[in-house]
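Order of listing sets the numbers, starting from 1, for every ligand and every atom in it. What you see is a predicted model, and the numbers here were worked out from it, not measured in a lab.
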Amino acid sequence: MKFFIDTANLAQIKEAQDLGVLDGVTTNPSLMAKEGISGEENVLAHYRAICEIVDGDVSAEVISTDFEGMVREGEALAALDEKIVVKIPMVKDGVKALKYFSDKGIKTNCTLIFSAGQALLAAKAGATYVSPFIGRLDDISTDGLGLIESIRVIFDNYGFDTEILAASVRHPMHIIECAQIGADVMTGPLSAIEALLKHPLTDIGLAKFLADHAKANS
Ligand code: G3P
């Protein structure tokens with residue numbers, strides 16, 4: 001299972017990269033705005049900075065919602081670095097853009113997936129990744145993990161190469177359950193990734209080991 005970090009914060013990306021478990025980064029316009037990044041040149045420079053930190057795929061989202069605009073933006077983003085994955089929203093022109101980029105060998109991530117039908121359509125159009133937003137479904141009392149299960153079955157039935165990128169991950173149980181279901185990738189905040197390493201019995205056990213060692217060596 002690949003681990004992506006869902007942020008545009010360079011310090012957090014570097015921290016996850018230094019941990020040695022990072023396979024890539026996902027961003028979106030809200031995350032870029034949160035870091036105060038605005039203006040085309042600054043946005044492109046920020047994506048270059050992210051690509052310098054990580055080894056894996058970096059999803060960069062288009063703002064356009066029409067086919068021509070998505071193609072123009074996506075090509076500019078893809079030209080930045082071979083790590084760039086063009087992130088495209090699940091709208092009608094977005095499906096056409098997925099097919100366009102797929103035919104050109106440019107990686108894509110179809111975002112804002114909230115149903116199995118949307119995921120199937122994106123896979124048919126040749127998306128490299130589909131991003132079902134599990135946290136946002138949970139927020140409206142709908143089963144986010146159930147959606148991951150449905151997409152897994154559909155993709156396996158037909159041998160789609162499209163990877164399931166579980167997005168809008170909020171906590172460590174989301175990550176664990178996505179791993180059990182067989183999501184190919186999860187993207188979440190640094191806090192959810194770091195929460196995986198914590199267990200009170202680990203802390204208690206380590207304190208005891210160190211105390212016993214200190215006593216024996218005093
Ligand atoms: O990047 C897309 C997705 O992961 C957003 O997550 O927490 O804003 O629902 P969230």
Flag [X] as yes when one of its N or O atoms lies below 3.5 Å from any N or O atom of ligand 1, and as no otherwise.
X: R136; result: yes
X: T187; result: no
X: T27; result: no
X: R170; result: yes

Exercise. Judged by non-hydrogen atoms, does K87 sit under 4.0 Å from ligand 1?
Worked result: yes
Can you find a pair of side-chain heavy atoms, one from [X] and one from [Y], that are under 4.5 Å apart?
X: V86; Y: I106; answer: yes
X: T7; Y: T27; answer: no
X: I53; Y: L10; answer: yes
X: L165; Y: T187; answer: yes

For this session: Report the part of T26 in contact with ligand 1, treating N, CA, C, O as backbone and CB onward as side chain, heavy atoms under 4.0 Å; options are side chain, backbone, both, neither.
Result: neither
Problem set entry | Check ion pair R170-D6 (N to O, under 4.0 angstrom) | no
Problem set entry | Nearest non-hydrogen protein atom, atom 2 (C) of ligand 1 | F133 CZ, 3.3 Å
Seminar exercise, completed: the protein heavy atom lying closest to atom 6 (O) of ligand 1 turns out to be S168 CA, 3.3 Å
For this session: Go through ligand 1 atom by atom and flag the ones less than 4.0 Å from a non-hydrogen atom of D6.
Result: 1 (O), 2 (C), 3 (C), 4 (O), 5 (C), 6 (O)
For this session: With salt bridge (charged side-chain N to carboxylate O under 4.0 Å, His left out) as the test, would you mind laying out the steps for D184 and R152 before giving the verdict?
Result: CA-CA 9 Å; D184 300 290; R152 181 74 282 155; 3.1 Å; yes
For this session: Identify the heavy atoms of I13 and L22 that sit nearest to each other, and give their distance.
Result: O-CD2, 3.9 Å
